[in-house]
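Counting starts at 1 for both ligands and their atoms, in listed order.
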Amino acid sequence: MKLKDKIALITGSATGIGRSTALLFSQEGAKVVLADISKEAEETVREIRAAGGSAVFVQGDVSIPSDAQKMVNTVKESYGEINILHNNAGILRICGDLSKTEESDWDRIVDINLKGVFLVSKYTIPLMISSGGGSIVNTASMAGWTVGMAGLAAYCASKAGVVGLTKCMALELAVHDIRANCVCPGTIDTTLYPTQFLKHGGTQDELDAGQEALAATIPQGRYGTSAEIAQAVLFLASEESSYVNGQALVVDGGFSNQ
Ligand SMILES: NC(=O)c1ccc[n+]([C@@H]2O[C@H](COP(=O)([O-])OP(=O)(O)OC[C@H]3O[C@@H](n4cnc5c(N)ncnc54)[C@H](O)[C@@H]3O)[C@@H](O)[C@H]2O)c1
């Protein structure tokens with residue numbers, strides 16, 4: 001077991017990448033706190049407990065300081081310490097060209113995707129230091145780091161910000177035996193983009209055709225899975241990456257190399 005008796009906080013763990021990470025961390029021996037704005041994460045908690053693992057749910061919005069603090073307090077009250085933080089909560093909104101992007105959309109995207117990482121980290125760091133060190137893994141994206149994406153400027157800017165923030169964390173925290181890295185997923189088969197596409201009036205047929213065309217542009221010929229991203233997060237969270245610090249690990253089926 002790669003995370004035996006480690007205590008981990010995972011934000012955005014109701015669905016997709018965060019849910020897969022919570023399940024994998026638990027299988028690897030960690031006790032996990034699942035933080036999410038959605039109560040759906042309770043289902044994953046039940047699943048983990050049914051399999052013999054230890055898990056707790058805390059509801060909150062990572063962009064609200066008191067909620068971020070509540071997430072960390074829940075970890076402290078439940079398990080006393082923290083060894084791993086996975087800042088994963090994020091949203092995507094299709095905003096159109098920059099000149100048409102609504103300020104409210106810009107603010108919401110940056111507040112959750114970037115400020116949320118700052119807030120949850122800010123409250124976690126003192127507890128992680130007193131726990132003797134640990135590992136922080138932030139979910140950034142290939143979008144904004146290795147590639148830009150038209151119509152997604154706010155999202156790309158927020159994720160580029162996460163990479164910058166991660167590099168600073170690595171420098172500030174190394175002295176406390178805390179490493180900070182980020183994972184940069186490519187196109188992953190979660191509901192993140194499909195939900196937005198359908199919300200903007202796209203049909204299921206158009207979505208299916210678009211996804212097939214996009215998959216054909218990925219060297220490996222397919223989308224990644226949330227389980228594959230969870231494996232990369234596990235590597236960065238565990239001692240297997242003990243000398244990896246301040247890095248952005250791109251997991252995109254080779255897309256960014258074109
Ligand atoms: N799916 C992809 O192709 C892809 C690619 C690159 C990066 N990412 C990033 O991966 C992360 C996870 O996305 P996913 O694809 O699993 O999508 P998802 O929608 O399945 O998961 C996002 C989770 O974050 C939660 N969440 C949203 N806003 C929140 C808030 N304010 N506070 C707390 N929780 C909140 C949601 O309830 C959900 O459980 C995000 O940061 C996303 O930007 C995804």
Heavy atom of Gly60, distance to ligand 1 below 4.0 Å: yes
Measure the distances from the heavy atoms of Ala140 to every atom of ligand 1 and state whether one is below 4.0 angstrom. yes
So Thr139 and Val162, side chain to side chain contact (heavy atoms under 4.5 Å, CB included) or not? Walk me through it. CA-CA 8 Å; Thr139 303; Val162 171; over 6 Å; no
First locate atom CD1 of Ile229, then atom CG of Leu234, and finally report the distance between them rounded to the nearest 0.5 Å. 13.0 Å
Report yes if the side chains of Ser238 and Leu3 come closer than 4.5 Å at any heavy-atom pair, otherwise no. yes
Using 4.0 Å as the upper bound for N to carboxylate O, is an ion pair formed by Arg108 and Asp61? yes
What do we get for Ile17 next to ligand 1 when only non-hydrogen atoms under 4.0 Å count, side chain, backbone, both or neither? both
How close does the nearest protein non-hydrogen atom get to atom 3 (O) of ligand 1, and which residue and atom is it? Ile188 N, 2.9 Å
What's the separation between atom NZ in Lys6 and atom CD1 in Ile84, rounded to the nearest 0.5 Å? 7.0 Å
Gly16: numbered ligand 1 atoms lying under 4.0 Å from its heavy atoms: 16 (O), 20 (O)
With no hydrogens and no angle check, just 3.5 Å: does a side-chain donor-acceptor pair link Ser99 and Asp97? no
Among all protein heavy atoms in this structure, tell me which lies nearest to atom 42 (C) of ligand 1, with the distance rounded to 0.1 Å. Tyr155 OH, 3.5 Å
Lys159 near ligand 1, heavy-atom distance under 4.0 Å? yes
Side chain to side chain contact (heavy atoms under 4.5 Å, CB included) assessment of Arg179 paired with Gln247: CA-CA 10 Å; Arg179 295 180 297 109; Gln247 297 303 304; over 6 Å; no
Flag Ala35 as yes when one of its N or O atoms lies below 3.5 Å from any N or O atom of ligand 1, and as no otherwise. no
For atom 15 (O) of ligand 1, the protein heavy atom that lies nearest, with its residue and separation: Thr190 OG1, 2.6 Å
Among all protein heavy atoms, pick the one closest to atom 40 (C) of ligand 1 and tell me residue, atom and distance. Asn88 O, 3.3 Å
Within the structure, is a non-hydrogen atom of Val62 found at a distance of less than 4.0 Å from ligand 1? yes
Heavy-atom nearest neighbour of atom 26 (N) of ligand 1 within options Asp252, Leu34, Ile37: Ile37
Could you name the option among Ala89, Ser141, Gly186, Ala230 that has the heavy atom nearest to atom 5 (C) of ligand 1? Gly186
Who's closest to atom 20 (O) of ligand 1 heavy-atom-wise, of Leu192, Thr15, Ile64? Thr15
Test of understanding: given a 4.0 Å heavy-atom threshold, classify the contact between Tyr193 and ligand 1 as side chain, backbone, both, or neither. neither
Using distance alone, decide if ligand 1 has a nitrogen or oxygen within less than 3.5 Å of any nitrogen or oxygen in Asn113. no
Check whether any heavy atom of Tyr223 sits under 4.0 Å from an atom of ligand 1. no
In sequence, state the C-alpha distance, the side-chain angles, and the governing distance for Ile112 and Val62, and then conclude on side chain to side chain contact (heavy atoms under 4.5 Å, CB included). CA-CA 6 Å; Ile112 295 173; Val62 292; 4.0 Å; yes
Tell me if the NZ atom of Lys167 is crowded by more than 12 foreign heavy atoms within 6.0 Å. yes
In ligand 1, which numbered atoms sit nearer than 4.0 Å to a non-hydrogen atom of Ile91? 27 (C), 28 (N)
List ligand 1 atoms under 4.0 Å from Thr139, heavy atoms only on the residue side. 9 (C), 10 (O), 11 (C)
Against Ile82, only a single residue in Ile136, Val33, Leu9 fulfils side chain to side chain contact (heavy atoms under 4.5 Å, CB included); can you say which? Leu9
Write out the residue and atom name of the closest protein heavy atom to atom 22 (C) of ligand 1, then the distance separating them to 0.1 Å. Gly90 O, 3.7 Å
Hey, which atoms in ligand 1 end up nearer than 4.0 Å to a heavy atom of Gly12? 23 (C), 24 (O), 25 (C), 39 (O)
Please assess Ile125 against Met128 for the test side chain to side chain contact (heavy atoms under 4.5 Å, CB included), listing each intermediate value before the final yes or no. CA-CA 5 Å; Ile125 287 165; Met128 195 175 272; 5.6 Å; no
For the 3.5 Å polar cut-off, considering only N or O atoms, please tell me whether Asp61 and ligand 1 meet it. yes
In the protein, which heavy atom is nearest to atom 39 (O) of ligand 1, and how far is it? Asp36 OD2, 2.6 Å
